[in-house]
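Worth saying up front: this structure is predicted, and the values here are computed from it rather than measured.
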Amino acid sequence: MLAAGEAGSRELVTRSLDAIAATSGELNAFRLVTAERALAEADEADRRLAAGERLPLLGVPVAVKDDTDLAGEPTAFGCEGPFPAKREDAESVRRLRAAGAVIVGKTNSPELGQWPVTEGPAFGDTRNPWNLDHTPGGSSGGSAAAVAAGLVPAALGSDGAGSVRIPAAWTQLVGIKPQRGRISTWPDPEAFNGITCHGPLARTVADAALLLDAAAGSAPGDLHRPTPVEILPAAHRDPGRLRIALSTRTAFTATPKRLEPVVRSALNALAERLAALGHEVEEAEPAYGPIGVTFVPRATAGVRDWAGRAPDPALLDPRTRGAVRTGGLLGGPVLRLARAAEAPLRRRVGRIFRRYDVVLTPTTATPPPRIGALTGLGGWQTDRRMIAYCPYAWPWNVLGWPGVNVPAGRTPEGLPLGAQLLGPADSEPLLVSLAAQLEADRRWFESWPGGDG
């Protein structure tokens with residue numbers, strides 16, 4: 001629309017800001033809105049467009065999560081307290097701006113991204129546009145709610161244990177967890193000891209791929225610098241006939257979990273469509289081994305490090321303070337052992353790709369829970385419940401490999417469900433190509449919250 005002159009950036013940004021304001025009371029998707037700056041950037045984009053300049057996102061309103069630095073704004077990452085304003089944009093934001101994007105604000109996240117719901121005393125409850133009594137997921141729940149409700153066409157989130165893919169599943173979006181390092185985490189050389197990466201959420205595969213390509217790239221201080229790949233062209237390419245492993249087994253966690261029948265049914269229906277599209281689909285399971293033992297030290301040590309930035313630790317959730325203590329106990333030698341186990345785990349899990357090109361799993365074991373499902377629980381109770389909800393996404397964070405959530409249908413009550421396409425290192429183009437083929441067949445982008453689709 002912008003390139004064709006059908007709309008101006010100021011018109012689109014104003015429309016986005018108005019929608020954010022109109023839904024702030026019910027959806028509560030944004031932590032802060034940068035309206036004045038966004039309108040000034042939109043006016044500049046309109047001048048550049050009128051002069052004939054073209055960039056991938058020139059004049060397009062997008063949002064980023066509240067774990068990502070915007071110059072002049074605080075980065076509170078779901079925490080309470082007077083965080084200082086940042087002096088510079090994060091590298092991912094710098095690249096989005098270089099592609100012409102207009103950043104309209106920062107979206108809500110639970111405290112330090114720890115939970116698959118976006119709720120907390122710092123900002124209130126973020127709700128699911130498909131049903132306001134339910135969560136949009138987390139920890140990129142604000143980004144997911146904003147995109148699903150049409151407040152912005154796409155948003156950046158982050159994924160440390162499924163935090164892009166889970167809310168994408170529960171709001172009928174495409175969410176891409178890219179290869180570790182594909183999008184820079186600078187000014188942090190890495191995030192949460194390498195398990196967390198940034199990734200896009202959008203209504204279509206091509207939009208998600210476009211945002212990913214725009215944000216991708218390394219900064220000089222990054223610890224992880226994968227070989228660059230182009231993602232967007234793959235969204236317009238036939239994937240060919242693939243061998244796909246249908247997997248429902250979870251990695252060992254010593255906690256109870258059960259794949260709900262409605263999710264299993266949606267997954268099987270998606271597998272049947274893939275077979276109808278010409279792919280070879282068989283039941284097969286990755287050999288996860290002791291991967292869960294290596295996740296906990298990396299995650300809790302990351303929480304401990306990030307919690308040190310909080311201006312008032314007394315304001316942190318008691319569960320966060322518990323994770324900080326655990327991170328202290330599991331740091332040092334235990335953390336080094338956990339990180340050293342990654343290469344053997346990659347070889348172990350990666351054996352499945354000798355036979356198959358892609359692994360298909362549920363994204364979550366359940367539909368989106370009701371708001372407040374984790375409120376008031378202790379740390380161990382919270383862990384047990386969130387693992388029961390979301391046991392499928394986090395192993396790929398340990399491995400650092402790509403995964404794409406695709407919409408997999410809805411429950412009889414209309415709540416969205418998702419499935420993951422998982423691949424080995426640097427497989428984003430293949431996963432995106434397959435996701436785009438599914439999208440052309442299923443056409444999930446035609447239905448909206450509150451619509452008839």
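Under a 3.5 Å cut-off, the side chain of Asp213 and the backbone N or O of Leu232 do form a donor-acceptor pair. Formation of a donor-acceptor pair under 3.5 Å by the Glu119 side chain with backbone atoms of Thr126 is not found in this model. Judged by distance alone, with hydrogens and angles left aside, the side-chain atoms of Asp222 form a donor-acceptor pair with the main-chain N or O of Ala219 at under 3.5 Å.
Looking at Arg182 and Glu428, a side-chain N of the basic residue comes within less than 4.0 Å of a carboxylate O on the acidic one, giving a salt bridge. Under the 4.0 Å criterion applied to side-chain N and carboxylate O atoms, Arg355 and Glu280 are assigned as salt-bridge partners. Ion pair Asp66/Arg31 flagged as a salt bridge, since at least one NZ, NE, NH1 or NH2 atom sits closer than 4.0 Å to an Asp/Glu carboxylate oxygen. Between Glu413 and Arg370, none of the side-chain N atoms (NZ, or NE/NH1/NH2) sits under 4.0 Å from a carboxylate O, so this pair counts as no salt bridge. Salt bridge status for Arg95 with Glu91: present, with a side-chain N to carboxylate O gap under 4.0 Å.
Other residues, nucleotides and ligands contribute over 12 non-hydrogen atoms within 6.0 Å of the CZ atom of Arg94. Counting heavy-atom neighbours within 6.0 Å of Glu282 CD, excluding the residue itself, gives a total above 12. More than 12 heavy atoms of other residues, nucleotides or ligands shown are found within 6.0 angstrom of CD on Glu26.
Checked against side-chain hydrogen bond (donor to acceptor under 3.5 Å, both in side chains), Thr253 has the following partners two or more places apart in sequence or in another chain: Thr255, Lys257. Annotation: side-chain hydrogen bond (donor to acceptor under 3.5 Å, both in side chains) contacts of His279 (sequence neighbours excluded): Gln437.
Contact annotation: the side chain of Arg127 never approaches that of Thr23 to less than 4.5 Å [non-hydrogen atoms, C-beta and beyond]. The side-chain heavy atoms of Ile231 and Pro429, taken from C-beta on, include a pair separated by under 4.5 Å. Side-chain atoms of Pro56 and Leu210, non-hydrogen and from C-beta on, do get closer than 4.5 Å to each other. Between Leu270 and Arg442 there is a side-chain heavy-atom pair separated by less than 4.5 Å. Residues Arg225 and Pro228 fail the side-chain proximity criterion, which asks for heavy atoms closer than 4.5 Å. Residues Ile195 and Phe295 form a side-chain contact, since some pair of their non-hydrogen atoms from C-beta on lies under 4.5 Å apart. Side-chain contact between Lys177 and Asn397 is present, with heavy atoms from C-beta onward closer than 4.5 Å.
Across all non-hydrogen atoms, the minimal contact from Ala168 to Asn405 is C-ND2, 3.4 Å.
Just one residue in the list Ser92, Ser158, Ser163 forms a side chain to side chain donor-acceptor pair (under 3.5 Å) with Lys65, and that residue is Ser158.
The closest side-chain donor-acceptor pair between Glu342 and Thr294, if any, does not fall under 3.5 angstrom.
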Determine, stepwise, if the pair Arg321 / Glu111 fulfils salt bridge (charged side-chain N to carboxylate O under 4.0 Å, His left out). CA-CA 11 Å; Arg321 297 199 295 271; Glu111 197 166 281; over 6 Å; no

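By the 6.0 Å and 45° rule, Arg319 does not stack over the aromatic ring of Trp380. Both tests pass for Arg309 against the ring of Trp306: distance under 6.0 Å to the centre and angle within 45° of the axis.
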